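Model, not experiment: these values are computed from the prediction.
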Amino acid sequence: MHTRIIAFANNKGGSGKSTSCSCIAAALSKQGKRVLAIDGDMQLNLTLSFFEEEQAFEFAKSEYNTYTLLTRDAPVRQCIRPTAYENVHVLPASTLLSGVEYELFAKWQRETILRRALEEVKASGDYDYILLDAPPTLGCLVMNMLAAADHLVIPLEASPWGLFGLANMFDFVRNVQSINPSLSVLGILVTKVDTRKNYFKQTIDDLTALENVHVFGEVIRLDSAVEWAQDNSKPVVFYKPSSRASKEFTAVAQEIVQLTER
């Protein structure tokens with residue numbers, strides 16, 4: 001099986017990108033898939049999902065992380081860190097990513113730096129999936145991630161503001177497809193669902209009305225187990241496998257496998 005690269009992106013903050021990326025990475029690993037999760041957000045949330053805060057900040061200050069990979073040609077293999085979990089490796093982020101847009105702007109072929117950096121890892125077949133956690137922007141860093149990806153998952157919060165900016169996201173994807181024609185939107189993942197509120201149904205109705213857009217069959221409901229897992233620097237799939245959120249992320253991971261390996 002060849003390596004599939006999936007980006008998790010949405011220009012709206014608070015949509016659950018990092019949680020979805022880390023938990024789906026964990027769920028895929030429990031299905032026997034070898035996963036590399038790459039943190040592209042200065043907030044380090046994906047890194048903090050697998051490592052204690054002290055370790056995450058040590059990575060952030062080092063010479064080997066997403067920032068140095070993009071701006072200083074750091075060797076990708078040296079940037080990848082093993083986790084405590086079988087089949088999951090992480091390429092950690094740095095807080096210096098806050099200013100990376102300015103640095104990328106001056107780079108040669110700046111839109112495809114990440115794609116070129118990952119060529120050797122992708123070709124090696126060491127991983128079944130590479131998951132990219134993108135920041136909530138539509139700048140050059142996110143363009144790099146989508147230019148490197150085969151597929152895009154858009155986590156979207158089930159709230160009145162959740163759909164805000166989705167049209168801009170699709171416009172951005174079309175622009176990236178001029179650089180990466182093989183990029184496809186794998187689907188929209190509805191997150192932070194409170195089924196007691198009527199707006200959840202409205203969100204689903206609005207999404208299913210969109211043409212040629214897949215909506216994942218499982219939604220991610222609000223679950224306190226997710227916050228407890230984050231507090232313990234673990235994806236909920238590992239922290240509390242019996243939780244509702246764990247089962248939901250596992251179902252989404254299974255659907256991702258079905259969609260990408262069919």
S.K.: Going by atom types alone, do T66 and D39 pair a side-chain donor with an acceptor below 3.5 Å?
M.R.: no

S.K.: Do side-chain atoms of R221 reach the backbone of R244 as a donor and acceptor pair under 3.5 angstrom?
M.R.: no

S.K.: Considering all heavy atoms of both residues, which atom of A9 and which atom of V142 are nearest to each other, and what is their separation?
M.R.: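 Taking every non-hydrogen atom into account, CB-CG1, 4.5 Å.
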
S.K.: Between N65 and F59 (side chain of the first, backbone of the second, donor and acceptor by atom type, cut-off under 3.5 Å), is there such a pair?
M.R.: yes

S.K.: Is any side-chain heavy atom of I154 closer than 4.5 Å to a side-chain heavy atom of L166?
M.R.: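 Yes, at least one pair of side-chain atoms sits under 4.5 Å.
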
S.K.: Have a look at V121 and tell me which of I130, I38, T3 forms a side chain to side chain contact (heavy atoms under 4.5 Å, CB included) with it.
M.R.: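 Going through I130, I38, T3 one by one, the side chain to side chain contact (heavy atoms under 4.5 Å, CB included) with V121 is satisfied by I130 alone.
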
S.K.: With a 4.5 Å cut-off on side-chain heavy-atom distances among I, L, V, M, F, W and Y, is there a chain of contacts connecting V190 to Y199?
M.R.: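 Yes, it is one cluster - the side chains of V190 and Y199 are joined through contacts under 4.5 Å.
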
S.K.: Does any non-hydrogen side-chain atom of E248 lie less than 4.5 Å from one of V219?
M.R.: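 When only atoms from C-beta onward are counted, E248 and V219 do not touch, as no gap falls below 4.5 Å.
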
S.K.: Kindly work out whether a path of hydrophobic side-chain contacts (I/L/V/M/F/W/Y, heavy atoms less than 4.5 Å apart) joins M145 to V76.
M.R.: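 Yes; V76 is reachable from M145 via cluster members.
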
S.K.: Linking I/L/V/M/F/W/Y whenever their side-chain heavy atoms sit closer than 4.5 Å, directly or via other members, would L138 and V176 fall into one cluster?
M.R.: yes

S.K.: Calculate, to the nearest 0.5 Å, the distance between atoms CZ and CD1 belonging to F216 and I188 respectively.
M.R.: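 Reported value, rounded in 0.5 Å steps: 9.5 Å.
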
S.K.: Using a cut-off of 6.0 Å, state whether more than 12 heavy atoms not belonging to Q109 lie near its atom CD.
M.R.: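 Yes, CD of Q109 has more than 12 neighbouring heavy atoms, counting only those of other groups under 6.0 Å.
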
S.K.: Is a side-chain N or O of S98 found less than 3.5 angstrom from the main chain of M42, in a donor-acceptor match?
M.R.: no

S.K.: Once side chain to side chain donor-acceptor pair (under 3.5 Å) is applied, do any residues pair with Q202, and if so which ones, sequence neighbours excluded?
M.R.: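 In terms of side chain to side chain donor-acceptor pair (under 3.5 Å), with neighbours along the sequence ignored, Q202 is linked to D206.
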
S.K.: Can you name the closest pair of heavy atoms from L141 and E101 and give their distance?
M.R.: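 In this case the closest contact between L141 and E101 is N-OE2, 3.1 Å.
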
S.K.: Kindly say whether D150 contributes a backbone atom to a donor-acceptor pair with the side chain of S182 at under 3.5 angstrom?
M.R.: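 Here the side-chain-to-backbone pair does not exist.
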
S.K.: For K240, does the NZ atom have more than 12 heavy-atom neighbours from other residues, nucleotides or ligands under 6.0 Å away?
M.R.: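 No - once you tally the heavy atoms of other residues, nucleotides and ligands closer than 6.0 Å, there are 12 at most.
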
S.K.: Are any non-hydrogen side-chain atoms of D41 and P136 less than 4.5 angstrom apart?
M.R.: yes

S.K.: CD of Q31: more than 12 outside heavy atoms within 6.0 angstrom?
M.R.: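 Yes, the 6.0 Å shell around CD holds more than 12 heavy atoms from other groups.
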
S.K.: Testing the 3.5 Å rule here: is there a donor-acceptor pair between the side chains of T68 and R72?
M.R.: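 Their side chains do not contain a donor-acceptor pair, so the 3.5 Å distance test is not met.
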
S.K.: Of all the heavy-atom pairs spanning L46 and A37, show the shortest one and how long it is.
M.R.: CD2-CB, 3.9 Å

S.K.: Distance from R110 atom CZ to M143 atom CE, nearest 0.5 Å?
M.R.: 9.0 Å

S.K.: Name the orientation class of the two ring planes belonging to F50 and F238 (parallel below 30°, tilted from 30 to 60°, perpendicular beyond 60°).
M.R.: perpendicular

S.K.: To the closest 0.5 Å, what do you measure between NE2 (H151) and CG (L183)?
M.R.: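 H151 NE2 to L183 CG: 9.0 Å, rounded to 0.5 Å.
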
S.K.: Is there a side-chain contact between Y127 and L118 (heavy atoms, below 4.5 Å)?
M.R.: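 No, their side chains stay 4.5 Å or more apart.
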
S.K.: Within the supplied structure, the quantity of interest is the number of heavy atoms (other residues, nucleotides, ligands) at a distance under 6.0 Å from K107 NZ; does it exceed 12?
M.R.: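 Above 12, so yes.
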
S.K.: Which pair of non-hydrogen atoms, one from T250 and one from V237, has the smallest distance, and what is that distance?
M.R.: OG1-CG1, 4.5 Å

S.K.: Evaluate the criterion side chain to side chain contact (heavy atoms under 4.5 Å, CB included) for residue pair K33 and R4; output intermediate values, then yes/no.
M.R.: CA-CA 11 Å; K33 305 298 182 183; R4 292 162 173 85; over 6 Å; no

S.K.: Give a yes or no on this: more than 12 heavy atoms of other residues, nucleotides or ligands lie within 6.0 Å of atom CZ of F164.
M.R.: no

S.K.: State, yes or no, whether a side-chain contact exists between S246 and K30 at a heavy-atom distance under 4.5 Å.
M.R.: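 With C-beta onward as the side chain, the pair stays apart.
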
S.K.: List the atom of M169, the atom of N10, and the distance in Å for their closest heavy-atom pair.
M.R.: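 It is SD-CA, 3.8 Å.
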
S.K.: Tell me whether F57 shares a hydrophobic cluster with L69, the cluster being built from Ile, Leu, Val, Met, Phe, Trp, Tyr side chains joined at under 4.5 Å.
M.R.: no

S.K.: Does the side chain of S20 come within less than 4.5 Å of V153's, by heavy atoms?
M.R.: no

S.K.: Do H214 and L259 have side-chain heavy atoms sitting under 4.5 Å apart?
M.R.: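 Yes, their side chains come closer than 4.5 Å.
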
S.K.: Verify side chain to side chain contact (heavy atoms under 4.5 Å, CB included) between I113 and T71, making sure each step is shown before the conclusion.
M.R.: CA-CA 9 Å; I113 295 171; T71 64; over 6 Å; no

S.K.: Which is it for L207 and V213 under the side chain to side chain contact (heavy atoms under 4.5 Å, CB included) test, yes or no, and what are the steps along the way?
M.R.: CA-CA 8 Å; L207 289 174; V213 176; over 6 Å; no

S.K.: Quick check on side chain to side chain contact (heavy atoms under 4.5 Å, CB included): which of I5, L146, N180 does R115 satisfy it with?
M.R.: N180

S.K.: How long is the straight-line distance from CG of L91 back to SG of C79, given to the nearest 0.5 Å?
M.R.: 5.0 Å

S.K.: For the residue pair S62 and R81, what are the closest heavy atoms and their distance?
M.R.: OG-NH2, 3.3 Å

S.K.: Given side chains that start at C-beta, do those of F8 and I24 come closer than 4.5 Å, heavy atoms only?
M.R.: yes

S.K.: Give, for atom OG of S49 and atom OH of Y239, the distance between the pair rounded to the nearest 0.5 Å.
M.R.: 14.0 Å

S.K.: Would L186 and Y129 show up in the same hydrophobic cluster when neighbours are defined by side-chain heavy atoms closer than 4.5 Å?
M.R.: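 The answer is yes; both residues are in one hydrophobic cluster.
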
S.K.: Considering only distance and modelled atom types, tabulate donor-acceptor pairs under 3.5 Å from the side chains of residues 225-236, sequence neighbours left out.
M.R.:
unit_1	atom_1	unit_2	atom_2	d
Q230	NE2	T19	OG1	2.9
N232	ND2	W228	O	2.8
S233	OG	F51	O	3.4

S.K.: Does L36 form a side chain to side chain contact (heavy atoms under 4.5 Å, CB included) with I80? I'd like the steps, not just the answer.
M.R.: CA-CA 8 Å; L36 170 62; I80 295 171; 3.9 Å; yes

S.K.: Could you tell me the separation between the CG atom of D194 and the CZ atom of F200, rounded to the nearest 0.5 Å?
M.R.: 10.0 Å

